[in-house]
Each structure stands twice: as structure tokens, then as C-alpha cells.
Amino acid sequence: MTDLAAGERPSGEELFDRLEAFAAETPDEVGIRLWTDLRGTIVELSRARILELAQRGAAAYRARGLGSGDRVLIDLPTSEALLAALLGAFHAGVWPACVAPLSHRAGAAAEAEWGALVERLQPALIVSLEELPAVELPLMAASELLEADPAGCGARVPAAEMKYVQFSSGSTGTPKALVLGMEGIVHNILGMLHAIPLGREDRLVSWLPCYHDMGLFGTVLLSLVGRLTLSLMDPALFARNPLVWLRQVHEARGTATVAPPSAYKAMLEFQKRRPVPDLDLSDCRVWLCGAEQVTPELERSFAEGLADARAQVDRLYPVYGMSEITLAATMPPSARPPRVETVDGLGWVSVGSPLIGQRMRVVDEAGEGLPDRCLGRDLLASPCPYRPRRDRGAPTPRRGGGLGTRAPRLP
């Protein structure tokens with residue numbers, strides 16, 4: 001694991017510096033294990049194959065005449081094609097945005113939401129497995145990415161031209177399109193690797209979607225930058241059977257995994273009703289939990305529900321993040337058991353301290369600092385800048401020196 005000193009700002013080129021170095025040093029080392037079905041069929045991707053996928057994707061975009069600043073919308077399930085589409089876009093300077101595949105959605109409302117994302121992004125083309133209704137834009141098939149000649153990838157663009165467009169807050173309002181630079185992405189990833197910590201000997205397990213920041217930055221890109229081995233499946237498989245997540249951790253001898261509280265609750269409920277026999281989860285020392293509030297009740301349910309599976313039951317780590325800073329804002333110390341604070345008779349699970357290089361304070365509505373154990377707004381200063389975009393791809397400037405949240409409400 002590469003450590004991150006206070007105030008250090010890594011080069012955004014480190015993603016490809018690392019991909020190329022790992023492919024040269026250990027070309028046959030497995031970087032990603034793709035679970036393709038509920039039976040546990042696995043496709044292993046070596047370090048050399050991952051770099052090749054990036055080069056094939058870049059070659060496919062360049063053959064279509066795309067380059068720096070062109071936007072593409074990626075409508076693909078978790079697969080080799082998605083990795084080629086995403087990493088190839090970074091290589092060529094194309095700005096990718098991953099969205100939930102339309103095939104995973106249902107109803108007119110879902111189609112309307114999907115169409116709104118297309119309208120907001122104004123992509124040059126859409127990468128998809130299928131023909132899409134009412135879309136008058138060029139389409140690129142997954143096969144075009146995988147069959148492109150990697151020799152046509154050209155030179156990778158400078159780091160400053162590598163961007164990702166993250167759709168944010170779609171569940172609570174009109175999605176915002178946040179343009180995230182590679183320098184900020186890598187900085188946040190190194191901060192996570194430093195805080196947990198994770199390194200080359202770790203085996204990360206995930207079913208999280210790559211169109212969500214926790215799945216993309218917190219698992220896929222984190223594993224590539226940190227040289228972890230990632231066991232990865234499409235979220236549709238988890239939705240069909242939440243217990244396949246535990247099978248993943250067991251069979252991969254996973255040392256770390258991550259999911260939102262709602263997924264933990266679903267998994268624990270299924271395990272209570274239909275327990276998977278002979279599970280050994282003892283290698284997993286980090287169960288990260290974020291995206292929603294983590295309650296003391298979930299901590300207790302986790303400890304009780306997985307005790308018979310030899311899980312380290314004090315290893316559920318609540319984390320806090322925002323898309324606007326790429327992903328993670330705070331994490332608890334890895335060696336500390338969960339901490340619950342009681343304020344006004346309510347239990348609150350600690351989400352730790354700001355990642356290295358970030359600062360946070362809690363203020364009232366007037367912007368004045370508050371003492372401990374008071375409700376207020378978080379103000380977060382981060383070295384991971386973003387540029388928001390508005391309708392039809394028109395850029396808008398970011399204002400202010402920090403990011404603020406709304407004051408929480410008592411239940």
C-alpha cells in the first residue's frame with residue numbers, strides 16, 4: 001500500500017502509472033474475479049488483461065473520432081465490457097458516466113428518468129448491450145469495445161484531461177452531474193487505503209453497482225490503485241439472492257467488503273431465515289457500511305446474525321461520504337470497536353474522523369461552530385474538487401470554499 005502523507009496531492013496519472021507498472025511486474029497476477037452467475041462461475045482478469053481492456057476501450061473510442069471532453073453514457077452491467085468502456089474512456093480523455101442499465105429498470109417512470117439523464121449529459125454516444133427506445137444517439141455495442149485492436153489506443157491523455165461524470169442525489173431530487181477530476185479521485189482513494197488500511201495482500205469483495213460512487217471508486221478503482229484482488233459481481237445477482245454476498249466473502253477468503261445498511265439488513269434477514277451452512281467469514285476484518293445512517297440496532301444485528309459464521313463481529317465500520325468529494329469524508333480507526341454515543345436519549349454510531357487532507361466542522365445555521373454532541377450542519381473542506389454541470393452539458397462554476405450539508409432532523 002502506498003501511504004499518503006498529510007497535505008500530499010498525488011498525480012492523477014497514478015491510476016495508469018499503476019496499471020502499467022502492475023501489468024509489467026506481474027502480468028499474470030489476478031486483479032479482478034468476476035462472478036458471472038449465482039452458481040459462482042468466475043472469470044479471472046489478470047493485471048495484463050485489465051490494462052488490455054483499457055487499451056481496447058480507448059482504441060474503440062478513438063476509432064469513433066472521440067477525444068478529450070467528449071461525453072459517453074455507459075449503460076452496461078458489471079462485466080469486462082464495462083471495464084473497457086470506463087478505463088478506455090479515461091485513457092482517451094473521454095468523460096464517462098455510468099448509469100443503471102435500462103434493462104434493470106421497469107416502467108414508464110424509469111424510462112423517463114433514464115431519458116432525463118441522457119438529456120442532462122448530452123453524450124456523444126451511448127455504450128450499451130441492447131437497442132434503446134427513443135434514443136436518437138449513436139450506439140456502441142459492448143463487442144466493439146472488446147474487439148478493438150489495443151494497438152490503436154494511442155497515447156494516454158494528460159491526467160488533467162481525465163474526468164468522470166457522477167450523477168448524484170437522484171433518490172432525493174433531480175440528479176446533479178458532478179465532473180470529478182482524476183487527481184481528486186486518486187487522492188480520495190489513497191486516503192481510504194491509508195485510513196482502513198488496505199494493501200496488496202487484501203481481498204476485497206463487492207456486488208455494488210459501478211454506477212454508484214461507492215461501487216466505482218470504493219471498490220473497483222480502489223482495488224486497481226491499491227493492487228488489491230477484487231471479487232466482483234453485478235448487483236442484479238445480489239438482488240436475486242442477498243446471501244450470495246456471504247458466499248462471495250467465504251469463497252474468496254475476503255478480507256474486506258462494503259455495502260449500505262439496507263443491504264446488510266436484507267442479508268441478515270435472509271441469513272436468519274435460511275442460513276448458509278458452513279460459512280467461514282473469519283478472514284474478513286473490515287465490513288464497511290455507508291450511504292445511509294448506521295444505527296446501534298444494525299451493529300447489534302450484525303454481531304448476532306453472523307456470530308455462527310465465525311465473523312469478526314466487532315468489525316462493522318460506519319463511514320460517511322459525499323459524491324461531491326468523490327466518495328469518503330470520514331472513517332473510524334480500523335483497530336477501534338464500534339463506538340456509540342448517546343445524545344438526548346438517542347444512540348448515534350460514530351463514523352470516525354476526516355480522511356487525511358480533509359477538514360470538517362459542525363456549525364449552526366448562522367455558520368457558528370458548535371460544541372460536541374450538538375446537531376448542526378457539516379462543513380467539509382476537501383482537496384478533491386468537482387465542477388457541477390447543468391442541463392444539456394453546460395458547465396457551471398463551483399462556488400464557495402467548502403461543502404455544506406443540511407442540518408439533520410431528530411427521528
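All values reported here derive from a predicted model rather than from experimental measurement. Just so it is clear, the values below take in all heavy atoms, side chains as well, and ignore hydrogens, waters and symmetry mates.
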Looking only at atom types and distance, does a side-chain atom of [X] sit under 3.5 Å from a main-chain N or O of [Y], one as donor and one as acceptor?
X    : Y    : answer
D17  : E20  : no
R56  : A148 : yes
D234 : T78  : yes
T257 : V205 : yes
T330 : V351 : yes
Q358 : A329 : yes
T41  : R39  : no
R310 : S282 : no

Minimum heavy-atom distance between D70 and G65, given as atom pair plus value: OD2-O, 4.3 Å
Heavy-atom closest contact (M267 atom, L243 atom, distance):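 That closest heavy-atom pairing would be O-CD2, 3.7 Å.
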Partner residues of [X] under the salt bridge (charged side-chain N to carboxylate O under 4.0 Å, His left out) criterion, sequence neighbours left out:
X    : answer
R300 : E297
R273 : E269
E80  : R49
E25  : R227

Whether F238 and W245 hold their rings parallel, tilted or perpendicular, with breakpoints at 30° and 60°: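 Taking W245 first and then F238, their aromatic rings stand perpendicular (interplane angle over 60°).
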Contact list for residues 38-91, test ring-ring contact (aromatic ring centres under 6.0 Å, His included), sequence neighbours left out: F16-H91
ring-ring contact (aromatic ring centres under 6.0 Å, His included) partners of residues 63-84, not counting sequence neighbours, each pair once: none
For a quick test of your reading: what N or O donor-acceptor pairs under 3.5 Å do the side chains of residues 258-265 make, sequence neighbours left out?
from: S262; atom 1: OG; to: E292; atom 2: OE1; distance (Å): 3.4
from: S262; atom 1: OG; to: E292; atom 2: OE2; distance (Å): 3.0
from: Y264; atom 1: OH; to: L288; atom 2: O; distance (Å): 2.8

L190, V225, L19 screened by side chain to side chain contact (heavy atoms under 4.5 Å, CB included) with E14, the one that passes: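 So, applying the side chain to side chain contact (heavy atoms under 4.5 Å, CB included) to E14 and each of L190, V225, L19, only L190 qualifies.
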Sequence-distant partners of R64, side-chain contact (heavy atoms from CB on, under 4.5 Å), two or more places apart: L66, L125, P138, M140, E144
Pairing residues for T255 by the side-chain contact (heavy atoms from CB on, under 4.5 Å) criterion, not counting sequence neighbours: D202, R203
Would you please name every residue forming a ring-ring contact (aromatic ring centres under 6.0 Å, His included) with [X], sequence neighbours left out?
X    : value
Y317 : none
W287 : F302
Y164 : F217

Side chain proximity check, I32 to L83, heavy atoms < 4.5 angstrom: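 Yes, their side chains come closer than 4.5 Å.
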Salt-bridge contact E251-R33 (side-chain N to carboxylate O under 4.0 Å):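 Salt bridge: no.
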Carboxylate-amine/guanidinium proximity below 4.0 Å for R47 and D28: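 Result for this pair is no, no salt bridge flagged.
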Audit row: Q248, M233, side chain to side chain contact (heavy atoms under 4.5 Å, CB included) steps and yes/no: CA-CA 9 Å; Q248 257 193 311; M233 72 164 62; 3.4 Å; yes
Residue pair T326, N188: steps toward the side-chain hydrogen bond (donor to acceptor under 3.5 Å, both in side chains) verdict: CA-CA 7 Å; T326 300; N188 198 248; 5.3 Å; no
